[in-house]
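Computation of the quantities below employed the complete heavy-atom set of this structure, encompassing side-chain atoms and omitting hydrogens, waters and symmetry-equivalent molecules. Lettering follows sequence order; numbering is per chain, from 1.
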Amino acid sequence: MIKIHDLSKAYRTSDVETTALNHINLEVTAGEFIAIMGPSGCGKSTLLNIIGMLDSPDSGSYDFLGENVADYSERKLADIRKKNIGFIFQSFNLVDELTVAENVMLPLLYQDVAVAKRSQSVREVLERVGIAHRADHRPQQLSGGQQQRVAVARAVVTNPKLILADEPTGNLDTANGEEVLQLLNQLNGDGTTIVMVTHDQGHADHASRVVNMLDGRVLSENVVRMEQAIEARHVK
Amino acid sequence: MLSSYFKIAWRNIVGNPLFSAINVVGLAIGLACCIIITLFVRYEISYDKHWENADRTYRVTRDFFGNNLRLARVAPPIAPLLKQDFAEVEDATRILQSEATISRGDIRFRETQFVVADPNVFDFFNLDFLSGDARSALANPTDIVLTERAATRYFGNEDPIGQTLNLMNQVDVTVTAVIRDLPDNTHMEFQLIGSMAAIPLMVGPEELESWGSNNYFTYVRLPGGYDPAKLEAQFNDFLVRHWSEDAESSSALGLQLLPDIHLTSDRETEWRVNGSIDTVYTFSAIALFVLLIACINFMNLTTARSTQRAREVGVRKVVGASRSQLITQFMGESILLTAIAMLLAVAIIEVTLPAFSAYLEKPLSFSLANPVTLGLLLVGIVIVGLFAGSYPALYLSKFRPVEVLKGPATGTGSALLRKSLVVFQFATSIALLIATGVVMAQMSYARNMDLGFDKSRNLTSELPYFVDLWEVYEPLKAELESHPDILSAVYSSRVPSMGNNDGQGYIAEGEQLVMENFLGIANIKIDYQWFDHYDIDFVAGRAFRQNEMRIEEPTDENPVVKAVAILNVSAARRFGWSPEEAIAKVIRSPMSRDLDKFIDRTIVGVVPDIHFSSLRDEMKATVYEEPSPDYARNISVKLAAGDHRAAIAHFEETWKKLLPNEPIFWQFLEDRFDALYRSEGRQAQMFGVFSAFAIFVATLGLFGLASFTTERRTKEIGIRKVMGASVKDIIMLLTIDFTKLVLLANVIAWPLAYFYMKGWLSRFVYQAPLGNWAWLFLASAVAAFSVAWITIALQAGRAATARPVMALRYE
């Protein structure tokens, strides 16, 4: 699904250049659940943003579903993004002015899904994450865990092939964090590929493979659950 | 999708009441100003366009170079001669504006809108005939045409056709037609039209041949597409042919297109005070400024609170929104907001338009039932919405999700633009404020200026034309002066404030009697006590004596009559004399076209120049002469200080006794002078209203901006307080930025206002000196700073007094 080769990215301010990614190579196979770990500033969020096509690399290649997207225009990237990728953020990023259901419906609006189908999809996915009874509430009226479940629902409502989660449990207490991870596991079980950035070794253990990063480089890749990795290759 | 946009737009509006209120109120005021001004402008440019052939009908004007007279009226022989001489003059007509006492039995009015016109006047001005026939209505000398309003005044519900009215207690005239009232949007005004054929009978057989009686509005119709300059080029030859060989050096004729008269003509002897194209431009510009300031509020506040919307933009982009979809969404929001503002604007207009309309004395109307109006409002909503929303939409939709989803981020580029816009808003407001002040300073200068005479406590009136001047005036004067509260009563052909537009050719004794040696100088006919009455001291010589007041007309047997005259200083200078030199000199004025009859006047005194009209006009060289029955007969009555009621009652009783058939009419001289500045006074007030709006809207914007800035800096404020900053320090911190902006706005506004108002003042020959209004610059600055500081301090104070822990917890 994802092939990253020799990819670099640096951030420049007026007088300092910070290398965020330094000649990274990474492959992700469809059906995998990958955790990216590493200390603050190691480049894991940058990598996730590039995978999610929210940011573009300075050099190297990035193949997504067989297309090299490294030099695509923003318009084209947006199109690939909305068809294939769902995002989950540490800070939830729900729109305060919209209700839970409307937040979840947002991606469907931009994909021109028929009205009847929209409500049905939203209802289904809210049931799936167990928040259907809060459909008409505003995000501020929910707990952090509930908000993140809404964010998960929004990420999966379009049935994306890939879900990118940037520290999805970072703002949650242990119990709520665990619940969100269960949800992700479930989605992965249903065949969705997941790439998750996390600090927490315990949470990383849910993944099939852990990528450890430091100073913009990949240090090691540990297969956590071999059977899943094999299964994933099989799916491919 | 649309409903989703609408929903979030609506929730954004409702969810941010301060932001929305500032924008809606600001935009509504801006839109209301614009619409009201548009109604005013549309009305102003509609003048005289409604006449058939308006595009090829011209008014003939006349200039006299000697005494710098620019007249809107010309001599009566000109119309028939133009038609006779030039094939391209399809037709010509004349209207003489007059005043007359008209009566029907006991119903008696002094008609100020009585005119006398050629029978073909209705070919030029296609008035609606309710009864009677346009072709024959003015055929006979005793015909009269009435407007509906005038007809009702005399005849109520009776049919006026064929009925009789009495004109000036002289002749009976017959109503031949009734026409619909004149529309207000024309440069003319009349309610009763007499026949030109009556003039030779009533005024004298020579009147319509007189080249000196420049009292006749004259209109000509030229062929379609004909260039009027071609006709104007032949006017000098025309004057040489019919009037004088020296025409080129003394007088010229011109043409004015009918619909241009109202906004571009400002001549002496206009029908009434015209509009001014400058006023139209100025008001339009101010209205646009107010709207622009409101649009800037929207831009500034929307981009200032972009942090609040940044996440929404990021999320929408992440889930698949394209930039153009986001631009559409934000544009839609600003259009929705503008639509709400427009509803409020319409409400404001409905409430205030009658007042504006009455104030401007224009029948402005506004109706939503009119599909054109409705269409224009919708177009207005879209244009203003797109304009106000353009920058925020481009700015917001540019956010990159990577940056905005991480945390609060705002571009510094927009902060600079925002600051520039605030400077623009304040510079505009300050300039408007100064402009208002300068207009008012000039008004107060005009009102309080020493006019060279004492205008206080003077009651003025005019005696009728068709009575013997001496028979009425002398008993009237004696009767009035017998009252203890009346100090003196004097006659003059014109009273100050009327302008001195009567004139005459004069030649100094000893000069050769040829046209080019004659000086055209204004003259005023006065009573011997006139200078004493108006408290004017002599520079040299003496006043008239009572026995110098009546002179004989020159005759064939006695062709030169001797008399006396008093000059003002400018007139003495025109003859080349100092005031002292002028005394005992003789000036001669011709009393016949063949230059064989004269009046020789010995100069007995010289007086200072006085302001006979508004400060727009220069004081004119003037010759004061003995009374003449051929001129208008104005009287001035000086009242004693204190209660005037007894004196006025005595005046009215005396009038009734001596002039039982004339309606009573009087006016205070001070009111006449105030009327001269009426249009400037209105302009000042309109300036004031609009600059108040501009400042209010700009302040709203500053308030909003300050509240958002403060909110954004809450954490910084907390940290500074933890570090030991006092409340004062914090307020200073937050105020200093805006202070710099207001300072810069002053620097920009001052020179702009100065040069613009210098230009405005240049229309006055006598201008309020800079010292009278220099303080306005400082005052406007103080006002702007005060408004800005109070607004910001309110916000900053709240942030500064909050406990720091609240601020630190904020992010």
Kindly indicate whether the side chain of A:Ile4, heavy atoms from C-beta on, has any atom under 4.5 Å from the side chain of A:Leu47.
-> yes

How about A:Thr192 and A:Ile163: do any of their side-chain heavy atoms sit closer than 4.5 Å?
-> yes

Heavy-atom side-chain contact between A:Leu164 and A:Ile88 under 4.5 Å = no

Measure distances from A:Gln90 to the heavy atoms of chain B and classify the residue's part below 4.5 Å as side chain, backbone, both or neither.
-> neither

Do A:Ser61 and A:His5 pass the side-chain hydrogen bond (donor to acceptor under 3.5 Å, both in side chains) test, and can you show the C-alpha distance, the side-chain angles, and the key distance before you say yes or no?
-> CA-CA 5 Å; A:Ser61 70; A:His5 178 68; 5.7 Å; no

With no hydrogens and no angle check, do the side chains of B:Thr328 and B:Gln325 hold a donor and an acceptor under 3.5 Å apart?
-> no

What distance do B:Ile383 atom CD1 and B:Thr338 atom OG1 have between them, rounded to the nearest 0.5 Å?
-> 11.5 Å

Is a side-chain donor or acceptor of A:Tyr62 paired with a backbone partner of A:Lys3 at a separation under 3.5 angstrom?
-> no

Heavy-atom contact with chain B under 4.5 Å, split by part of A:Leu77 | neither

If contact means a heavy atom pair closer than 4.5 Å, which residues of residues 11-23 of chain B contact chain A?
-> B:Arg11, B:Asn12

Heavy-atom proximity to chain A below 4.5 Å, by part of B:Val318 | both

Look at A:Lys117 together with A:Glu124 and state whether they make a salt bridge at an N to O cut-off of under 4.0 Å.
-> no

Quick one: does A:Ile50's side chain get under 4.5 Å of A:Ser56's, heavy atoms only?
-> no

Residues of residues 127-155 of chain A contacting chain B, heavy-atom criterion under 4.5 Å, by residue number = A:Arg138, A:Arg154

Using a strict 4.0 Å threshold on nitrogen-to-oxygen distance, state whether B:Arg400 and A:Asp55 make a salt bridge.
-> yes

Side-chain heavy atoms of A:Phe87 within contact of A:Arg81, under 4.5 Å | yes

